[in-house]
Structures are given as structure tokens and as C-alpha cells.
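By convention here, the first residue in the shown sequence is residue 1. Note that these values count all heavy atoms, side chains included, but never hydrogens, waters or copies made by symmetry.
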Amino acid sequence: MQDHHSTHFLTENDRWPLQDASLDHLKLLHAVDCFPGEGGLYDGAGAANAVERYQSLWIPLMETATKDGVDMDRLVPPIDIAWVWHVHRLNPVAYEADCQRTIHQVMRLNYKLAFKFSDGTDSQSKAYEVPSVLLQPAIVDKVCLRDMVDRYTMFLKLRKAAPGVFAVPPVDVDFVWHTHMSMSAQYHKMSLQHFGDLVSHETVSPEDSARTFKRDTGFGGT
């Protein structure tokens, strides 16, 4: 008997939040790209400081907020912390384990919270909006975003149909995959429903030639 869920990974109620969140993801990436300083938030002191602030300030704040029953909608991280938090969620297995170890519960974000960030001038109480006009018109087009989500859905079906195949997604599919992982509440639900466990995003070190070969051949096969 055919598995009903194998052909319905994402319902319409799953797809439009993922499409909207993909645009919010682009806005976060644009803000990170524009972060001042040598290396910005990608390298050097800026990146190291962002990680330190995330670990020493944001994680304890989340722990206190959950204990006190504070609505997470009221907590909007500044851009540097929002970026590190996003990157942390891109390894969903490690993220959940780290949350359990440090704050004894997993902070899973829905699509409305996953990419919110503050400009740092309002005590983390208001989300900052990057105008869509600053982004590539072809990418922010709703038809383009919808097609990207469609292709990502096909990639999930491939992962389910051929679990032993090392499937490497093209860049647009990988972007939507990153978006979905950062929406950790929805991603957790989808993973358990269709795969029985969290679907990890395997990373490949360029220095590891054997793994790089596997990645390159996997991309061609995909």
C-alpha cells in the first residue's frame, strides 16, 4: 500500500508560511551582508563577538523567559544574535541537544518568529524590517518563491524514496531547506511525521577530499 504521506509532505497550510518565511530569510541575509566592520558577522572579531553574546546573553535570557512564562513574541534578538541563533538551528540535531543541555527544553520557533531581528536601538522589543525593494526582484517574486518551495518539496520526496542516496540539493532548494530548518517547530513536526526522526543537514568540509567527491557526485546524481 502506498504511503499517503509520501506524496503530501507539505500541505497548503505548510507551504505558504514557508514561502513567506523564505522572504524573511532573504531579508535577514541582506541585513547580515550589510553588517559593518571587517568580516562583518561572517568572520573575525564580529563573528566571535556575536557567538559570545548569543551564548552569554541570549541563551540565559531564553531560559529565564521560559521559566517566567514570558511570551517569546516579545523577545526580538538584535541582528548579530539573530544570525548566530539562525545558524545554530541549521544543525537541528545539535540545536535540540544543546537546548536540552543548557536550558532543559527545546526552543522551537514558528515561521513568524524564525527571522525576526531588532536594529538594536529598542531593547529587543520591536522587529526591524528590511524593505523588499533592496532585494533581488526576481528572487522576491511570489511565483519564484513558490517554485522554490515546489522544488524543495520534490527534494524531500527524493530523500524519503531513496534514503541511502547522498542527495545534494541545488542552491535554491538548499536555501528553502535552510529556511525550513530555522522554522524549527514546523521542521520538527515534518521530520517526525515523514521520516521518524529529525532530518539533519549534513555538512561537508572542503578540506575532506573524499567527502567533497561524495558531495560533487551526489549533486550530479540529484
Side-chain angles (χ1 to χ4, degrees), residues 6 9-10 14-33 40-43 47 82-96 108-111 113-115 117 130 132 135-195 197-222:
S6 66
F9 275 84
L10 300 176
D14 297 321
R15 293 165 62 83
W16 69 259
L18 183 54
Q19 181 176 318
D20 288 349
S22 294
L23 179 56
D24 291 337
H25 186 184
L26 284 168
K27 292 178 179 180
L28 173 65
L29 294 181
H30 177 83
V32 170
D33 282 344
L41 292 175
Y42 296 122
D43 196 15
W83 170 241
V84 177
W85 196 10
H86 165 61
V87 172
H88 196 184
R89 297 195 302 275
L90 295 186
N91 189 334
V93 175
Y95 175 73
E96 296 217 349
R108 299 192 183 104
L109 302 185
N110 63 40
Y111 75 99
L113 300 178
F115 301 101
F117 61 92
V130 175
S132 296
L135 305 172
Q136 291 285 347
I139 301 299
V140 302
D141 179 77
K142 289 185 177 180
V143 174
C144 178
L145 290 172
R146 184 191 65 201
D147 290 346
M148 290 164 63
V149 172
D150 286 343
R151 283 162 54 79
Y152 170 64
T153 304
M154 290 189 287
F155 176 74
L156 290 177
K157 293 178 182 178
L158 175 62
R159 287 283 299 250
K160 179 67 177 288
V165 174
F166 189 82
V168 180
V171 63
D172 61 328
V173 173
D174 200 39
F175 169 77
V176 179
W177 193 3
H178 285 198
T179 303
H180 202 189
M181 283 189 290
S182 208
M183 299 161 53
S184 46
Q186 285 90 346
Y187 191 76
H188 182 269
K189 178 182 177 181
M190 182 281 298
S191 292
L192 295 187
Q193 182 177 0
H194 298 296
F195 295 92
D197 204 352
L198 273 176
V199 179
S200 64
H201 188 291
E202 185 175 5
T203 58
V204 180
S205 170
E207 289 75 24
D208 188 335
S209 58
R211 293 283 299 284
T212 302
F213 175 78
K214 186 180 179 184
R215 177 198 61 194
D216 292 342
T217 54
F219 180 83
T222 305

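- Using modelled atom types, no side-chain atom of R108 and backbone atom of A185 make a donor-acceptor pair closer than 3.5 Å.
- No donor-acceptor distance shorter than 3.5 angstrom exists from the side chain of R159 to the backbone of V199, with no hydrogens or angles considered.
- Distance alone, capped at 3.5 Å, places no donor-acceptor pair between the S182 side chain and the H178 backbone.
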Item to complete: Check the pair W85, F117 against ring-ring contact (aromatic ring centres under 6.0 Å, His included), reporting the backbone distance first and the verdict last.
Response: CA-CA 11 Å; W85 196 10; F117 61 92; over 10 Å; no
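- Atom CG in L90 sits 10.5 Å away from atom OG in S184 (nearest 0.5 Å).
- Listed here is the closest heavy atom pair of R151 and P170: NH2-CG, 3.3 Å.
- Between F195 and L156, the closest heavy-atom pair is CZ-O, 3.7 Å.
- Considering CG of L28 and OG1 of T179, their distance stands at 10.0 Å, rounded to 0.5 Å.
- L18 and M183 make their closest contact through CD1-SD, 3.7 Å (heavy atoms, listed as atom of the first residue, atom of the second, distance).
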Worksheet item: Does the pair Y187 and L198 meet the rule for a side-chain contact (heavy atoms from CB on, under 4.5 Å), with working shown?
Response: CA-CA 8 Å; Y187 191 76; L198 273 176; 4.3 Å; yes
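- You'll find the side chain of F115 stays beyond 4.5 Å of the side chain of L26, heavy atoms only.
- Taking each heavy atom of W83 and L41 in turn, the nearest pair found is NE1-O, 3.4 Å.
- In this structure, F175 CZ and H25 NE2 are separated by 5.0 Å, a value rounded to the nearest 0.5 Å.
- For the pairing with F155, the side chain to side chain contact (heavy atoms under 4.5 Å, CB included) check across V168, V173, D174 returns one residue only, V173.
- Closest approach of H180 and M190 over heavy atoms only: CE1-CE, 3.9 Å.
- Rounding to the nearest 0.5 Å places NE2 of H194 at 10.0 Å from NZ of K157.
- With hydrogens and angles disregarded, a donor-acceptor distance shorter than 3.5 Å links the side chain of N110 to the backbone of L113.
- The two residues Q186 and L109 make their nearest non-hydrogen contact at OE1-O, 3.6 Å.
- By the 30° and 60° cut-offs, the orientation of the rings of W177 relative to Y152 is tilted.
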